[in-house]
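Right, one structure below, let's go through it.
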Amino acid sequence: MAGHQLCHSWCPQPFKAEIGCPCTVESGPMPHGTPARHQSCCLTPPAAALVSVLARAAQRSGSARVAPSAFTSLAPEHNLNQPGMPGTTQGPLFLGAFIYEVLAAPHEGDACMVGAINPELYKFPEDKSETDFPDGCLGRLWFSVEYEQEAERLLVGLIKAQHLQAPSETCSPLVKLYLLPDERRFLQSKTKRKTSNPQFDEHFIFQVSSKTITQRVLKFSVYHVDRQRKHQLLGQVLFPLKNETLVGDCRRVIWRDLEAESLEPPSEFGDLQFCLSYNDYLSRLTVVVLRAKGLRLQEDRGIVSVFVKVSLMNHNKFVKCKKTSAVLGSINPVYNETFSFKADATELDTASLSLTVVQNMEGDKSQQLGRVVVGPYMYTRGRELEHWDEMLSKPKELVKRWHALCRTTEP
């Protein structure tokens, strides 16, 4: 029976015998008793007897001192004498914590009050999104996303922003919303006057086909409006509308930190931004492909798509290759996709990563638009070598950088 299982799973063996459980004797479990008898012992354990047993066990071990009167301070939902307690959600959890509190005192003579639950065991993770801002943070934006499949409508809720860094003493922010790759049309929020922590609570609708929604990227550009009504960009958020984002019909609330817009002109063949991280404990090399800009597409943008191929090499020999999803018709595609490779620490002096931007063309043809290689001194110099070395010097951290793409020679 369930009660019998709970009794044996939660109560240490000496306790079962001393509180008189009919399912247990000193030599071990006995056959089940009658259902009524079984329920009376296993589903409603005598609290006073249990306290007595715990006290004696604690005194024998010298690890804790128990106050039997502590049971009088228990909340009703924690009362061990309530019928059916071990079958509830709170009962076994409390009983486990209760026994742990009594028997797990780290030092001899540590006092422990029965029923004085350790709050740390029951806390929910604290939401620090409104208090913890990293150094150099340009601000943080909260928004919601929901896609109505039948109506083919993208519903975007602009909730609030915090910690905006205005160029002057006061900040008067507004937000423009784009659905990339279309950068000509946008929707705009109202301007909030004299606040670095604006509350917007506005809703916007984009009409977008279900066939192309996962190819689109939601862009929020946050501006400060000065006295001459000129718009000064404070930062932006790029949010790719991937399949996992749009699962279900529920509204998702999301926050992202603002990023500065790159003011450098694109390189000749475009640029690629990605993160590197190495976990020496797991021997795992992680690559996060973020975005590209200024790509030189070879055909009409409306019929081409672009993806990034990430290859792990060792001694210039191919080890493994992974690909991002393809983004349709954009010279500034956004990916935000993560890939992991198994790589032992001893191999990092001879390993390298090749990231190639590839354009799909009509039929089964494809063309490489540019490539960047990062790795140790054996293969790279300049920014690519610096990125690799910084990754090794900051284990388990994501190191983000832009890299100029170089012309590739077709195999």
Side-chain angles (χ1 to χ4, degrees), residues 123-149 151 153-180 182-183 185-208 213-214 216-226 231-262 273 275 288 290-291 332 334-338 398 400:
K123 281 184 177 179
F124 288 99
E126 183 180 353
D127 181 12
K128 296 184 179 181
S129 63
E130 300 190 20
T131 56
D132 287 2
F133 296 94
D135 293 340
C137 180
L138 300 177
R140 186 166 291 170
L141 188 70
W142 281 259
F143 56 94
S144 65
V145 176
E146 181 181 355
Y147 185 66
E148 294 182 343
Q149 193 81 23
R153 299 194 308 171
L154 178 67
L155 310 180
V156 182
L158 181 62
I159 301 173
K160 63 182 178 181
Q162 287 192 5
H163 205 62
L164 296 179
Q165 305 299 305
S168 58
E169 293 184 1
T170 60
C171 183
S172 297
L174 67 80
V175 181
K176 293 181 180 180
L177 294 83
Y178 301 81
L179 195 58
L180 304 180
D182 185 0
E183 298 193 63
R185 289 174 289 185
F186 62 88
L187 301 176
Q188 181 175 310
S189 74
K190 296 177 182 177
T191 303
K192 300 296 180 179
R193 299 293 178 184
K194 298 182 179 180
T195 175
S196 296
N197 303 297
Q199 189 78 29
F200 293 101
D201 293 326
E202 297 185 45
H203 301 278
F204 305 90
I205 298 175
F206 291 93
Q207 200 73 37
V208 54
I213 182 66
T214 56
R216 312 298 287 274
V217 176
L218 194 56
K219 176 182 176 182
F220 301 86
S221 295
V222 183
Y223 294 89
H224 163 65
V225 183
D226 62 18
H231 293 181
Q232 302 179 42
L233 183 65
L234 302 180
Q236 63 181 12
V237 169
L238 296 173
F239 186 72
L241 298 170
K242 304 290 185 182
N243 286 325
E244 61 270 16
T245 305
L246 306 173
V247 170
D249 297 326
C250 59
R251 172 175 172 261
R252 289 191 59 195
V253 176
I254 303 151
W255 62 265
R256 291 288 187 273
D257 286 341
L258 300 185
E259 296 182 352
E261 186 178 45
S262 176
Q273 187 187 43
C275 300
V288 185
L290 296 174
R291 70 194 76 171
N332 303 307
V334 179
Y335 298 100
N336 280 4
E337 297 186 32
T338 303
L398 285 172
K400 178 170 64 175

Residues I159, F200; criterion side chain to side chain contact (heavy atoms under 4.5 Å, CB included); working and verdict: CA-CA 5 Å; I159 301 173; F200 293 101; over 6 Å; no
Could you go through the side chain to side chain contact (heavy atoms under 4.5 Å, CB included) check for Y178 and L187 one step at a time? CA-CA 7 Å; Y178 301 81; L187 301 176; over 6 Å; no
Run the numbers on T214 and L241 for side chain to side chain contact (heavy atoms under 4.5 Å, CB included), then give the verdict. CA-CA 5 Å; T214 56; L241 298 170; over 6 Å; no
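V145 and I254 get closest at one heavy-atom pair: CG2-CD1, 4.3 Å. For the residue pair L154 and V208, the shortest heavy atom distance occurs at CB-CG1, 4.0 Å. Looking at every heavy atom in both residues, R256 comes nearest to F239 through NH2-CE1, 3.6 Å. Contact detail for P240 and N336: the closest heavy-atom pair is CD-ND2, 3.5 Å.
Rounded to the nearest 0.5 Å, atoms CH2 (W142) and CD (Q199) are 9.5 Å apart. Rounded to the nearest 0.5 Å, atoms CG (D226) and SG (C171) are 11.0 Å apart. L174 contributes atom CG, which lies 7.0 Å from atom NZ of K176 (distance to the nearest 0.5 angstrom).
In this structure, a donor-acceptor pair under 3.5 Å is absent between the side chains of Q162 and R140.
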Pairs of donor and acceptor atoms involving the side chains of residues 216-223, under 3.5 Å and at least two apart or interchain, shall be tabulated with distances.
| from | atom 1 | to | atom 2 | distance (Å) |
| --- | --- | --- | --- | --- |
| R216 | NE | L180 | O | 3.1 |
| R216 | NH2 | L179 | O | 3.4 |

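At a threshold of 4.0 Å, the pair E259-K400 counts as salt-bridged, since one of the basic side-chain nitrogens sits closer than that to a carboxylate oxygen.
Contact annotation: the side chain of H224 never approaches that of H231 to less than 4.5 Å [non-hydrogen atoms, C-beta and beyond]. Counting heavy atoms from C-beta outward, C275 and L290 have side chains that approach closer than 4.5 Å. Here the side chains of K192 and P173 are in contact, with some heavy-atom distance below 4.5 Å. Put simply, the side chain of L177 reaches to within 4.5 Å of the side chain of F204, judged on heavy atoms. Between T191 and P198 there is no side-chain heavy-atom pair separated by less than 4.5 Å.
No side-chain donor-acceptor contact under 3.5 Å links T338 to the backbone of V288. Although no hydrogens or angles enter the test, the distance criterion places no donor-acceptor pair under 3.5 Å between the side chain of Q149 and the main chain of Y147.
When L258, L141, N197 are each tested for a side chain to side chain contact (heavy atoms under 4.5 Å, CB included) with L164, only one passes: L258.
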